[in-house]
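Below, read A as the first sequence line, B as the second, and so on, with proteins coming before strands; counting in each chain starts at 1. Bear in mind the structure is a predicted one, so any value in this text is a computation, not a measurement.
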There are 2 protein chains.
Amino acid sequence: MEEQDQKIKAVHDAMDILNGKWKISVISSICYHSSRRFSEILNDVKGISNKMLSKELKELEKNELVTRTVLDTQPITVEYKLTDYGQSLRTIIDHLSDWGMAHRKKSMYK
Amino acid sequence: MEEQDQKIKAVHDAMDILNGKWKISVISSICYHSSRRFSEILNDVKGISNKMLSKELKELEKNELVTRTVLDTQPITVEYKLTDYGQSLRTIIDHLSDWGMAHRKKSMYK
DNA sequence: CGGCATCCTTCTGGATACTG
DNA sequence: CAGTATCCAGAAGGATGCCG
């Protein structure tokens with residue numbers, strides 16, 4: 001197999017884990033705050049429902065991108081953090097953020 | 001609004017354009033070949049159907065990420081290229097590719 | 001070759017209500 | 001607070017066939 005094919009396949013593999021409408025936004029919410037609670041993420045990611053957030057977080061946890069810690073407060077709080085592995089997406093998130101900003105600027109002049 | 005919120009929103013804006021299961025893979029197929037025909041992309045992106053590819057390409061064209069050129073051959077050939085704007089995603093694609101490779105390696109030892 | 005049209009199934013995801 | 005459960009509409013997406 002050629003190098004390009006490998007790369008295209010690798011991109012697809014990456015997107016397989018980062019699938020869904022919200023996954024990347026959820027990750028960025030956590031990563032820009034180092035630690036984040038359920039309700040905070042719900043607020044960060046505009047438009048997401050609790051059901052979807054719950055589902056996305058579970059998948060991220062299964063793929064070892066985030067950790068979930070229940071704090072014994074009253075009422076309970078749950079803290080989500082990125083694993084080191086999840087942190088390795090930081091560069092990509094930053095680039096996407098920059099690109100998104102640039103795009104917004106571009107769209108304004110249309 | 002705070003800086004983090006801006007960034008999270010920017011990421012979401014970016015993902016709004018790059019939505020769908022296939023968009024990023026399609027872009028990577030084109031960008032790793034500088035120019036690519038319909039049937040070639042169909043082969044590059046494993047699992048995509050012609051219907052989906054057609055739809056994704058249209059959306060990418062509408063968002064000015066790719067250009068579509070019909071060549072007057074017999075039978076006709078259609079060439080897709082990234083615009084400069086589309087090229088600006090190259091860094092992200094490369095990072096995603098690297099990340100995907102690393103992930104595959106990681107998964108192997110589970 | 002590069003699609004579009006049609007049919008049909010599966011998945012996505014929103015709204016609302018409820019629980020420990 | 002941090003979810004789960006249920007219901008349901010609409011979108012995504014696969015298979016197949018047709019066309020210039």
Side-chain angles (χ1 to χ4, degrees), chain A residues 8 11-13 15-30 33-63 65-82, chain B residues 8-9 11-30 33-63 65-82:
Chain A
I8 295 165
V11 170
H12 193 262
D13 287 350
M15 292 319 291
D16 236 31
I17 296 167
L18 306 174
N19 64 54
K21 197 172 164 184
W22 307 104
K23 215 140 292 172
I24 304 221
S25 292
V26 170
I27 294 173
S28 70
S29 162
I30 303 175
H33 292 97
S34 78
S35 150
R36 210 69 177 147
R37 289 186 304 146
F38 189 87
S39 54
E40 291 175 326
I41 305 175
L42 208 52
N43 270 303
D44 286 341
V45 183
K46 311 301 176 201
I48 196 171
S49 65
N50 56 352
K51 175 185 159 188
M52 276 305 111
L53 179 53
S54 173
K55 193 189 132 208
E56 301 284 52
L57 283 170
K58 264 186 205 161
E59 292 176 13
L60 290 174
E61 209 189 334
K62 195 168 62 188
N63 282 321
L65 291 171
V66 310
T67 57
R68 178 179 181 275
T69 316
V70 180
L71 301 180
D72 197 14
T73 53
Q74 196 49 247
I76 61 159
T77 16
V78 180
E79 208 173 72
Y80 290 94
K81 288 185 186 224
L82 289 189
Chain B
I8 295 165
K9 195 174 177 314
V11 169
H12 193 262
D13 287 350
M15 292 318 292
D16 236 31
I17 297 167
L18 305 174
N19 64 53
K21 196 171 163 185
W22 307 104
K23 214 142 292 172
I24 303 222
S25 292
V26 170
I27 293 174
S28 71
S29 162
I30 303 175
H33 292 96
S34 77
S35 150
R36 209 69 178 147
R37 287 185 307 146
F38 189 88
S39 53
E40 291 175 326
I41 305 175
L42 209 53
N43 271 303
D44 286 341
V45 183
K46 311 302 176 200
I48 195 171
S49 65
N50 57 353
K51 175 184 158 189
M52 276 304 111
L53 178 53
S54 174
K55 193 189 133 210
E56 301 284 52
L57 283 169
K58 262 187 204 160
E59 292 176 14
L60 290 174
E61 208 188 336
K62 195 167 61 187
N63 283 320
L65 291 171
V66 311
T67 56
R68 178 179 182 274
T69 316
V70 180
L71 301 180
D72 198 14
T73 54
Q74 195 51 245
I76 61 160
T77 13
V78 180
E79 207 172 72
Y80 291 94
K81 288 184 186 225
L82 290 189

Measure the distance from CD on Glu40(B) to C1' on dC1(C) and round it to the nearest whole Å. 11 Å
So, for Trp22(B) and Val45(B), which heavy atoms are closest and what is the spacing to 0.1 Å? CE3-CG1, 3.6 Å
Ignoring backbone atoms, establish whether Arg68(B) has a side-chain N or O less than 4.0 Å from OP1 or OP2 of dG3(C). yes
Report the residue from Asp72(B), Leu71(B), Thr69(B) that forms a side chain to side chain contact (heavy atoms under 4.5 Å, CB included) with Thr77(B). Leu71(B)
Quick one: do Arg37(B) and Glu79(B) satisfy salt bridge (Lys or Arg N to Asp or Glu O under 4.0 Å)? Show the steps, please. CA-CA 5 Å; Arg37(B) 287 185 307 146; Glu79(B) 207 172 72; over 6 Å; no
Can you tell me if the side-chain N/O atoms of Ser39(B) get under 4.0 Å from OP1 or OP2 in dG2(C)? yes
Spatial distance of atom NZ (Lys81(A)) from atom CZ (Arg36(A)) [nearest 0.5 Å]: 13.0 Å
Distance check needed: dG3(C) P versus Glu79(B) CD, whole Å only. 12 Å
Spacing of Ile27(B) atom CD1 and Ile8(A) atom CD1 [to the nearest 0.5 Å]: 12.5 Å
Scan Ser28(A), Ser29(A), Ser25(A) and name whichever one has a side-chain hydrogen bond (donor to acceptor under 3.5 Å, both in side chains) with Asp44(A). Ser29(A)
For Val26(B) and Val66(B): C-alpha separation, side-chain torsions, deciding distance, then whether side chain to side chain contact (heavy atoms under 4.5 Å, CB included) applies. CA-CA 10 Å; Val26(B) 170; Val66(B) 311; over 6 Å; no
Could you state the atom-to-atom distance from CG of Leu57(B) to P of dC1(C) in whole Å? 16 Å
Base contacts versus sugar-phosphate-only contacts with protein, heavy atoms under 4.0 Å: please encode nucleotides 14-20 of chain C as B, S and - from 5' to 3'. BB-B---
Leu65(B) CG to Leu18(B) CG distance, which is reported to the nearest 0.5 Å: 7.0 Å
With heavy atoms of chain A within less than 4.0 Å as the criterion, where does contact along DNA chain D begin and end? dC1(D) to dC7(D)
Would you say Tyr80(B) places a side-chain N or O within less than 4.0 Å of OP1 or OP2 belonging to dC1(C)? no
